[in-house]
Amino acid sequence: MKNSLPVCILFLVACSLFFYGCASSPSENAPLTETDDTEIVRLAPDVRPEMLSAGFWLSRSKKTQKVKMTLSEIAAFNRANEKILFPGSDTYYISCDLRKSDSVMTSSEIKQDMAKYSEKNPWYKKITSKKGEKTVPLTKKDWKKFNESMNVAPLSAKKDFPVRKAVCVRRSNIRLLPNEDFYSDDENYWYDDILSNSGILMNEPVLVLWESRDKSYFYVKTSFCAGWVPSSDIAFCSDEEFERRFDYPEKNQKSFVVITEDRYTLHDDYAVSLDKKNFSSSKDLFLGTFLFTADWNDERFSDIFSEREPFSSYLVEIPCKNEDGTLGENYAAIPAGVCSPGLLPYTSENVLNLAFKMLGNRYGWGGMALMRDCSEYLKDIFRCFGFNFPRNSRAQLSMAGKTLDFNKKSLDSKKAALSSLEPGTFLGFPGHVFMYLGTVNGKNYVLSALGSYYKKEKSADSSEEYTLTKINANSVSINTVDELRKTGISWAENLTNAKLLENDGKFADDRIGLNLKWKFSDFSKINSGKAVLYKAASNRKNITVAVNAGHGTRGGDKEKTFSHPDKTPKVTGGTNAKGAVESIAVSVGMTFSDGKKEADVTLRCARFLKNRLLKKGYDVLMIRETSDVQLDNVARTVISNNSADIHIAVHFDQDGQKEDKGCFYCSIPEELKILPTVKNHWKESERLGGCLITSLEKAGLKIFKNGKFETDLTQTSFSTIPTVDIELGNQHTDTSTEGLKSRADALCEGIEKYFTQQ
């Protein structure tokens, strides 16, 4: 009996440890503990203080550390979104790759893009006078001032305007109009600035389409929306610097960091400038910002941190705007605790840990006050994993990937389906998106940047009638899906779908690179780039046309490849001299008399041709989609040989003449027709060239001599399919939008003629 007491004590200790362990991993419907914290923390209905922790929700799931998508899958997801039209539109896509935009825009295109808002919008402003403050609707006079500030007058001329590449140098706000004043679309509600469209992060690439009359704003296009940004926040950059700021999931993950804190302000001794001037960059860094890393061993930094060794820090580039308006850079030591080297692994645990860092933040309609609304909140969180989300709730709910459709489910079915979701799952309805957290005591909880919700209150007359009262939360908050919308219907009833953000097997890679097993591939010197295959949406002919926009390979003029597969010399002159055994891999191209680069013009024409061919039912292999593709002429030809039925390269001739001499195609010299590859395709290549010239002439375009000129091309000698280099003029040719469209129309008709007359 003398040993019974210790045994009892051990039993009680074991029981307490068992129950403590259970409490640390609560079951889904475990009762919540009562605390007095509700007296010091403001909570939405049915929310308890212990819920204000990511760990609370993560402990209720067993799969929170599972990687849901790899970086390559996330990259494919981003590309898939670029093919999804915005709901209800047949023109706008939910996301876009800015590198595929034209180098110029017509005056009508710019005007149409900017003129999305007019005096039909019921907007209000506040006027302060000696009599006090009053709210009045905007007048025609106000809208006239807006139009004047947008600098619309010069757009009355029908001509092309250059599109300039730039980078945003600080976290800024994209506005609907070039105006910093506060306006509302509700005369009784002045929390949301209706002109705020979205936030934009530091280091984001943009295209500058226009500038305001007073030059204080630029009208810019981003991958997710367009609008007006203060010109002081935008710095113009080179093609290389622009190209650098894309495809983060496919980059060397050691080449950049991503900020993982809600907001971090650099200390003075963390930030440096190499040109001995004051640090001119913004010191405020926000969640989801990408910054390129620098080398600590670079001798330029040897004396900069002499009084402080910033251990456990990453050295990064901080963009700034030079005095001449171009992009510059400063440097900073970023503490490891506020960033991630490369993208974070996409897991539920990482999603929730990021999301809860902003819990309690104010709501920021359209990114106002350097805060986030519901869609931007989720967009910035998922950027840390490499996702490029579109701008608003409708677009985000249309994204690619696995989708759980709630539309035809009963309320009970919806709630049951919610209970099966992982914490951090993206879901919502048009107008609001949020993140699922979990189920407690039968209630489904979500987290979002929340503007408002409604609650029922019994009428004062004690009748059975209820009124809806608006609750202006304006916070990043947790609530249940039982909360009501303005219609009196609950969030749960309104749910449309959940985006699981997982591969649904439809992320087919439409890019085609050089396969080293293909014939002649070993002759290529530059081949890290990829062509893109587009398939016709209807009336498919199962015929693929390779459209090759000439030039546009950075460094291509510094490499040479053999002119012929048998390494014999060229039989005619051209860019490379007659008798040359090796030819320039890709020439730079010429400059037109109007200052445009040939590579930009050929790319625009190729895009117009692509669109016309797709409408006709042809599939199109775009060899070059951006200002630069790392594919030399051999690689372009070999990819076309193995992926297309015909190959058409678009060029303009640099001939030194003083007027437009007209169009022609490069016909095949007699001496070249005996090459083993050429003898199998030269007749069809000549027929294809003839069809193109006939159509160009029929369209009223000038033709050079008889429409052909013998030229020994790398493209011809390495081809195994019908191939044509079509020269659409020279340096004096009309390169306006209409001029290029007319050439694209004629080329499309020529291709149609070629296939229908076989």
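What you see below is based on every heavy atom in this structure, not just the backbone, and it leaves out hydrogens, waters and symmetry mates. Since the structure is predicted, the reported quantities are computational estimates derived from the model, not experimental observations. FYI, the numbering just counts along the sequence from 1.
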ask   = Is K125 paired with D142 through a side-chain N to carboxylate O contact shorter than 4.0 Å?
value = yes
request  = Give, for atom NZ of K283 and atom OH of Y264, the distance between the pair rounded to the nearest 0.5 Å.
outcome  = 11.0 Å
ask   = Passes salt bridge (Lys or Arg N to Asp or Glu O under 4.0 Å), R263 versus D284? Steps please.
value = CA-CA 7 Å; R263 182 174 183 173; D284 290 324; 3.2 Å; yes
task = Measure across V316 and V257 and return the closest heavy-atom pair with its distance rounded to 0.1 Å.
result = CG1-CG2, 3.8 Å
task = Please confirm whether K379 makes a cation-pi placement over F224, using NZ or CZ under 6.0 Å from the six-membered ring centre and within 45° of the ring normal.
result = yes
message = Assess, by modelled atom type and distance only, whether the side chains of S413 and K408 contain a donor and an acceptor separated by less than 3.5 Å.
response = no
task = Among T480, N479, D482, find the one that has a side chain to side chain donor-acceptor pair (under 3.5 Å) with K443.
result = D482
ask   = Under 6.0 Å from the NZ atom of K63, do we count more than 12 heavy atoms belonging to anything else shown?
value = no
message = Is it the case that the side chains of Q396 and S375 hold a donor-acceptor pair, with the cut-off being a distance below 3.5 Å and no angle test?
response = no
task = Using modelled atom types only, decide if a donor and an acceptor are shared between the side chain of E187 and the backbone of P137 within a distance under 3.5 Å.
result = no
query = Are a donor atom and an acceptor atom from the side chains of S196 and N173 found within less than 3.5 Å of each other?
reply = yes
remark   = Nearest heavy-atom approach of V440 to R60 is CG2-NH2, 3.5 Å
inquiry  = Assess, by modelled atom type and distance only, whether the side chains of N81 and S95 contain a donor and an acceptor separated by less than 3.5 Å.
reply    = no
ask   = If you measure only the distance, is there a donor-acceptor pair under 3.5 Å linking the side chains of N474 and N472?
value = no
query = Under the 6.0 Å and 45° cation-pi test, does K499 pair with F389?
reply = no
inquiry  = Can you confirm whether more than 12 heavy atoms, excluding those of R394, are under 6.0 Å from its CZ atom?
reply    = no
